[in-house]
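Lettering of chains follows the sequences in order, A, B, ..., and the numbering in each one begins at 1.
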Protein chains: 2
Amino acid sequence: MRALAVEDDARIADDLAAALTAAGFRVELTNDGEDAWFLGDTEAYDLVVLDLGLPGLDGLAVLKRWRANDRTMPVLVLTARGTWQERVEGIEAGADDYLPKPFRMEELVARARALVRRAGGHAGALQEAGDLSLDTNRMGVALRGLPVQVSALEYRLLAYLMQHRDRPVPPTELLEHLYGDDDSREANALEAVIARLRRKMGPGVIGTRRGFGYFLEQA
Amino acid sequence: MRALAVEDDARIADDLAAALTAAGFRVELTNDGEDAWFLGDTEAYDLVVLDLGLPGLDGLAVLKRWRANDRTMPVLVLTARGTWQERVEGIEAGADDYLPKPFRMEELVARARALVRRAGGHAGALQEAGDLSLDTNRMGVALRGLPVQVSALEYRLLAYLMQHRDRPVPPTELLEHLYGDDDSREANALEAVIARLRRKMGPGVIGTRRGFGYFLEQA
DNA sequence: CCGTGCCTGTCAGCTTGCTGTCAGGCTGAC
DNA sequence: GTCAGCCTGACAGCAAGCTGACAGGCACGG
C-alpha cells in the first residue's frame, strides 16, 4: 500500500509518517500544494492524507483538480478549521473522509484502513474457457475478445456450462436448470438453443459427448 | 437509491427521513435492532444510517453480524458517545463512516452521498456516462452540458442506473429500488418512466437489453 | 375552499425478436 | 445395417418491451 501525506506542519507530518508506516503503508511526504497536486496526478497511491492549510496551492483546490482529472484514490482530509460547513464543502469537493484537528493517530489509522478497504472491493468477474469468456457482472459474452450478442436464455446456458466446465453436463440437468421442473418443453428445445449458439459462435466452442452431454471446449 | 435508517429517537428519525428523502433516497425506518438486522440482511439497500444506542440489539452487534454475513452496503454510524476509542471500534466493526451526535443534517447528507458515490467506484460529485452527467450534490441532470428537467422519481432511476452503469439493471431490481417490495405497482409503471425519460432525452441515452435490463449508453 | 398544473400509475394496442415445435437429415455405436 | 441420439432450418406463437392517452392524486397559490 502506497500513501501520500500532504502536511506542512513538520511535527504532525512526522507523526503521520510514523503511524501510517506502522500500519503497513509505504509513505511519501510533501508540504507543498503544487507538489502534492503533481504527485497525486501522476503517481498511483492507494491513499492520500491531505491537510487543507497549505502554502502554494490550497488543499481543496488540489483535491478538486484531482477529481476533475478522474483521479479516484481515497482522500482523507485534515483540517484545523472544524465547522460543519467546511466539512460539507470538503466532502462535496470529493473527499472520502474528513478529520478535524486535533485528532488521535489511532483514529486516523482506523479511518485510513476503512477507506482502503472500501476502495479495494471492486473485483472483475471474468470467467474463461478456451476462446470464450463471459463477464458475469456485465452479463456479456466475448469470443477471442470480440463481443457476441446473446439472449438471456442463451447466456444462462453458457453461464451454467462455464460453471461446470470440468465435466459434460447432461441434457436433463440443463433442461432442469434452464426451465425448472415443468417438463412441458420438448427435449428438442435445448438442442435448438445449442444450435443457435453454435451458429453465432462457430465450431470449437460448445462440444458434445454423445450420451453424456454438452461442455465448453477448453483451450 | 434505497436507504435504511435505524434510529430510536423518533424526532431524529423523522429529520433523518426528511433529509434523506430530499436528497433523493427512498427511506425506510426502523427503531429496533433485531428488525434492523433482519432488514439489512434480507433487503438490498444502497445505504444504511445506523444509530448505536438501540433497544433489542446493539448497533455494533448488528453491524458485525451484517459484515460477517457478507453484507457490504455502505454503513454510516451515528452515536451520542463520541470518544475516539469508540469511533475506532465502530470503524473496525465495519462502519464506512462515523458521525458523532449532535450533527448537522447537511453534513450527514454530504457524507451519505460520498459513501454511495464511492460504493459505485466514483470519487467526485459529477458522474458521467456517455452524453449524460449527473450532479449528485445538486440532484441535477445534464445532457451534452445542457440541463434537463427531471422529476424526483426520474432522477432516482437515472441515479441508480448511473451507480450501476457497468451492467444492465433488471426491471425487478429497478422496481425494488424505486418502490420497495410492495408490488402494488404494475410492472408497466417502470416502462412508463423509461418512456418519459427517453422522450425528454432522445435516443442513445437509456438502452435496453431484452431479457437483461436497462443501462446507460456509454460514450 | 377551490382551481391549476405537474407527477405518475394504469390501460390498451402495438412492435419486435426470442424461443419452442416440427419435420427431416445426419452420425456414431453396436 | 439400423437405430437412438443429435443437428438444423423454417416457422408460428408468444412474451417483453414501447408508446400515447387518460385520470387520480398531490402540492401550491389564490
Quick check: any donor-acceptor pair below 3.5 Å linking the side-chain of A/Arg209 to the base of D/dG5?
no

query = Side chains of B/Tyr98 and A/Glu107: is there a donor and an acceptor less than 3.5 Å apart?
reply = no

Out of C/dT10, D/dC6, D/dA16, minimum distance to the side chain of B/Arg210 belongs to D/dA16

To the nearest angstrom, the CG-C1' distance between B/Leu157 and C/dG9 comes to 15 Å

B/Arg156 CZ to C/dC7 C1', in whole Å, measures 12 Å

Would you say D/dC18 has OP1 or OP2 under 4.0 Å from some side-chain N or O of B/Thr208? yes

Item to check | Under 4.0 angstrom between A/Ser151 side-chain N/O and C/dG17 OP1 or OP2 | outcome: no

A/Leu190 atom CG is separated from C/dT21 atom C1', nearest whole Å, by 14 Å

Atom CD of A/Gln149 and atom C1' of C/dG17 are separated, to the nearest Å, by 12 Å

* Side-chain-base donor-acceptor pair under 3.5 Å for A/Arg198 and D/dT8 -> no

Rounded to whole Å, the CD1-C1' distance (B/Ile206 to D/dG17) equals 14 Å

The residue, A/Pro171 or B/Pro171, whose nearest nucleotide of DNA chain D is more 5′ is A/Pro171

The answer to which of A/Asn188 and B/Leu153 contacts DNA chain C further toward the 5' end, by nearest nucleotide, is B/Leu153

### Query
Charged N to carboxylate O under 4.0 angstrom, A/Arg111 versus B/Asp97?
yes

Notebook entry, point to check: What does B/Phe212 touch in the nucleic acid at a heavy-atom separation under 4.0 angstrom: a base, only the sugar-phosphate, or nothing?
Noted result: nothing

Whole-Å distance, A/Glu191 CD to C/dT21 P, equals 12 Å

ask   = So, are B/Arg167 and A/Asp135 salt-bridged, with charged N and O less than 4.0 Å apart?
value = no

Q.
Whether A/Tyr155 contacts C/dC18 is assessed here as follows: a side-chain N or O lying under 4.0 Å from the phosphate OP1 or OP2. Is that the case?
A. no

**Asked** Hey, does the side chain of A/Arg199 come within less than 4.0 Å of D/dG9's phosphate (OP1/OP2), counting only N and O?
**Response** yes

Q) Is the shortest side-chain N to carboxylate O distance from B/Asp96 to B/Arg67 below 4.0 Å? A) yes

From the candidates D/dT19, D/dC7, C/dT21, the one with an atom nearest any side-chain atom of B/Ala195 is D/dT19

B/Leu197 CG to C/dC7 C1', in whole Å, measures 13 Å

Q) Cation-pi between B/Arg65 and B/Trp37: NZ/CZ under 6.0 Å from ring centre and within 45° of the ring axis? A) yes

Does C/dG20 have OP1 or OP2 sitting under 4.0 Å from an N or O in the side chain of A/Tyr179?
yes

To the nearest angstrom, the CZ-P distance between B/Arg196 and D/dC22 comes to 15 Å

